[in-house]
Protein chains: 2
Amino acid sequence: MTKRTGECAGPKRQSIGARRNPETEAAILTAAADILREKGVRGLSMEAVARRARAGKATLYKWWPTRGALLVAVYERLKGEHPHADKGHLLDTITDFYRFVFGHWQTPEGQVFALIIAEAQSNADVAEALEGYRRERLEALTEVVSWSVERGEIRPGTESRALAETIMAAAWMRLLTGRLDTDPAALARDVLSGWLVEKQ
Amino acid sequence: MTKRTGECAGPKRQSIGARRNPETEAAILTAAADILREKGVRGLSMEAVARRARAGKATLYKWWPTRGALLVAVYERLKGEHPHADKGHLLDTITDFYRFVFGHWQTPEGQVFALIIAEAQSNADVAEALEGYRRERLEALTEVVSWSVERGEIRPGTESRALAETIMAAAWMRLLTGRLDTDPAALARDVLSGWLVEKQ
DNA sequence: TTCTATATGAACGATCCGTTCCGATATGTA
DNA sequence: TACATATCGGAACGGATCGTTCATATAGAA
């Protein structure tokens with residue numbers, strides 16, 4: 001079994017003097033993202049990224065000292081905006097939320113997120129970055145939920161943040177167990193119906 | 001930086017004829033579990049396991065062709081029973097459930113579970129084993145929830161399996177984001193209070 | 001006894017690790 | 001102009017692991 005060693009892509013760059021070359025940074029992050037898409041996280045070696053980006057390993061290690069740092073950088077670059085458009089009813093809003101994230105996670109770019117969670121289990125740098133992102137997303141989701149609470153859609157006394165975390169956990173669970181084909185509307189109903197004041 | 005290469009432990013075994021040596025299997029799985037405890041998943045190389053178990057690499061690869069297969073075998077051996085003692089009230093039952101799993105996941109043995117989930121993101125064998133385990137656990141939890149539904153504790157019309165999955169997802173979320181110090185009672189309340197007929 | 005399947009230990013070529021050199025390039029300052 | 005500075009690509013290193021393949025020894029099964 002001959003192991004295909006990654007091909008080189010793109011032109012070679014040079015130093016542009018006593019400052020960092022933005023093209024080099026872009027080329028490396030692009031190469032890393034491409035490798036992740038094509039070969040998964042197991043194929044993402046520093047060697048392979050340097051080869052593909054036509055960059056020196058010294059350059060790579062200078063700016064991203066660990067594989068975790070590189071992974072986080074790729075992720076920061078790829079992560080899309082999660083719009084939380086308030087649809088007037090929380091059930092619709094969360095259905096849309098699930099539809100959006102499941103769709104996003106099914107794209108090659110979105111699949112990186114599962115790898116980030118995986119890497120975070122054995123890499124403190126990645127874990128820290130993931131935790132920051134989780135908090136950020138939780139706050140945004142909490143805000144949407146709290147609007148619904150103010151409108152009286154939800155049982156009085158409900159803690160918005162707790163419910164938001166439940167909503168988020170259900171999504172992560174589907175991601176990590178390969179069930180992104182779950183029906184967003186059904187999931188939203190399963191998660192939320194207990195909390196809604198007006199029973200459907 | 002001198003990298004400590006794992007020590008050998010235990011006696012050397014021999015062939016016991018034209019059949020598999022159960023001592024070899026035990027020695028290898030024990031060595032793998034020990035390495036996981038001591039050095040984490042990054043230290044779990046086939047080389048290191050063979051060295052520590054005083055086994056030949058050929059033997060290792062014969063029975064566990066991939067690292068994922070070995071990880072699953074270790075996990076199958078370590079996984080403890082999750083007792084779902086019905087406490088009469090679902091809130092108490094789930095509080096106990098969270099207390100048990102968080103405690104278990106904080107032990108060296110339990111930490112393997114997070115690594116299994118991580119490995120499942122890039123290893124189909126592990127993903128399949130994880131999915132089987134998830135289904136098994138979900139059924140057990142669903143049963144407990146359904147008892148509660150029958151007792152009338154929960155809003156009528158609640159789907160036991162959906163609620164059970166929500167309960168489980170909340171636990172996984174805490175595991176994967178390093179928040180096993182979450183208060184079990186508070187979490188159970190945050191997840192369940194919307195579904196309980198008698199408020200708070 | 002002969003056949004078969006196992007277990008250990010050693011070696012192989014290959015890959016990746018993290019680091020360290022080198023020479024070339026281009027900026028900013030004196 | 002002259003020079004120090006900082007980057008970049010490329011190559012090499014010692015070490016570790018990978019997955020495979022030998023040789024040798026063991027002992028049950030036919």
Side-chain angles (χ1 to χ4, degrees), chain A residues 1-29 31-32 35-36 39-71 119 122-123 125, chain B residues 1-32 35 39-71 119 122-123 125:
Chain A
M1 187 210 298
T2 310
K3 189 159 275 188
R4 276 219 147 278
T5 186
E7 328 91 41
C8 299
K12 159 174 120 182
R13 296 156 309 280
Q14 293 178 343
S15 168
I16 57 171
R19 65 203 168 96
R20 190 170 178 180
N21 188 344
E23 290 183 19
T24 293
E25 175 173 6
I28 287 175
L29 292 182
I35 290 174
L36 271 175
K39 322 219 172 170
V41 74
R42 297 297 293 268
L44 187 78
S45 68
M46 303 297 257
E47 297 263 350
V49 172
R51 259 200 313 273
R52 177 153 192 153
R54 288 182 73 83
K57 279 174 63 178
T59 305
L60 200 52
Y61 276 100
K62 177 170 186 62
W63 300 113
W64 300 274
T66 68
R67 211 179 68 130
L70 183 58
L71 204 54
E119 191 74 13
S122 56
N123 187 320
D125 294 343
Chain B
M1 187 208 300
T2 310
K3 189 159 274 185
R4 274 219 150 277
T5 186
E7 328 91 40
C8 300
K12 158 174 122 183
R13 292 157 311 280
Q14 294 179 342
S15 169
I16 58 171
R19 65 201 168 95
R20 188 168 179 181
N21 188 342
E23 290 183 19
T24 293
E25 177 173 4
I28 287 175
L29 292 182
T30 299
I35 289 174
K39 323 221 172 168
V41 74
R42 299 298 293 269
L44 188 79
S45 68
M46 302 297 256
E47 299 262 350
V49 172
R51 258 201 313 275
R52 178 153 191 153
R54 288 184 73 83
K57 279 174 63 178
T59 305
L60 200 52
Y61 276 101
K62 177 171 186 61
W63 300 113
W64 300 274
T66 68
R67 212 178 68 131
L70 183 58
L71 205 53
E119 191 74 12
S122 57
N123 186 320
D125 295 341

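So you know, we letter chains A, B, ... as the sequences are listed, proteins then strands, and number each from 1. Just the heavy atoms: all of them, side chains too, but no hydrogens, waters or symmetry mates, feed the values below. Computed from a predicted structure; not experimentally measured.
Each of B:T66 and B:I16 was matched to the nucleotide of DNA chain D holding its nearest heavy atom; the match closer to the 5' end belongs to B:T66.
The side chain of A:Y61 lies closest to C:dC17, out of D:dC18, D:dC8, C:dC17. The side chain of A:M46 approaches C:dG18 more closely than any other nucleotide in the set C:dT27, C:dA7, C:dG18. You'll find that the side chain of B:T24 is closest to C:dT8, out of C:dT25, C:dT8, C:dC17.
Note: CD1 (A:I35) to P (C:dC16) measures 10 Å, nearest angstrom. Residue B:L60 contributes atom CG, which lies 12 Å from atom P of D:dT20 at whole-angstrom precision. Between B:E23 atom CD and C:dT6 atom P the separation is 17 Å, expressed in whole Å. For the pair A:W63 CH2 and C:dT19 P, the interatomic distance rounds to 16 Å; values are reported in whole Å. Taking atom CD of residue A:Q14 and atom C1' of nucleotide D:dG10, one finds them 13 Å apart after rounding to whole Å. Atom P of nucleotide D:dT21 and atom NZ of B:K62 are separated by 13 Å, given to the nearest angstrom. The distance between atom CZ of B:R19 and atom P of D:dA25, rounded to the nearest whole Å, is 21 Å. Atom C1' of nucleotide C:dT8 and atom CD of B:E25 are separated by 17 Å, given to the nearest angstrom.
If you check every strand for non-hydrogen atoms under 4.0 Å, B:A55 touches sugar and phosphate atoms only. B:K57 comes within contact range of at least one nucleobase, with a heavy-atom separation under 4.0 Å. Using a 4.0 Å heavy-atom criterion, one finds that A:E47 contacts the bases of the nucleic acid, with or without backbone contacts as well. Base engagement by B:T59 is indicated by at least one non-hydrogen atom pair under 4.0 Å involving a base atom.
Between B:R54 and C:dG9 there is a side-chain N or O to OP1 or OP2 distance below 4.0 Å. Checking the phosphate oxygens (OP1, OP2) of D:dT7, no side-chain nitrogen or oxygen of A:R13 falls inside 4.0 Å.
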Could you go through the side-chain contact (heavy atoms from CB on, under 4.5 Å) check for B:T24 and B:I16 one step at a time?
CA-CA 10 Å; B:T24 293; B:I16 58 171; over 6 Å; no
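Residues A:Q14 and A:N21 approach most closely at O-ND2, 3.1 Å, considering heavy atoms. The shortest heavy-atom contact between A:A27 and A:R13 is CB-NH1, 3.4 Å.
In summary, of the residues considered (A:T59, A:L29, A:V49, A:L71), a side chain to side chain contact (heavy atoms under 4.5 Å, CB included) with A:W64 occurs for A:L29 alone.
One distance of note links OG of A:S45 with CZ of A:R52; it measures 12.0 Å at 0.5 Å rounding.
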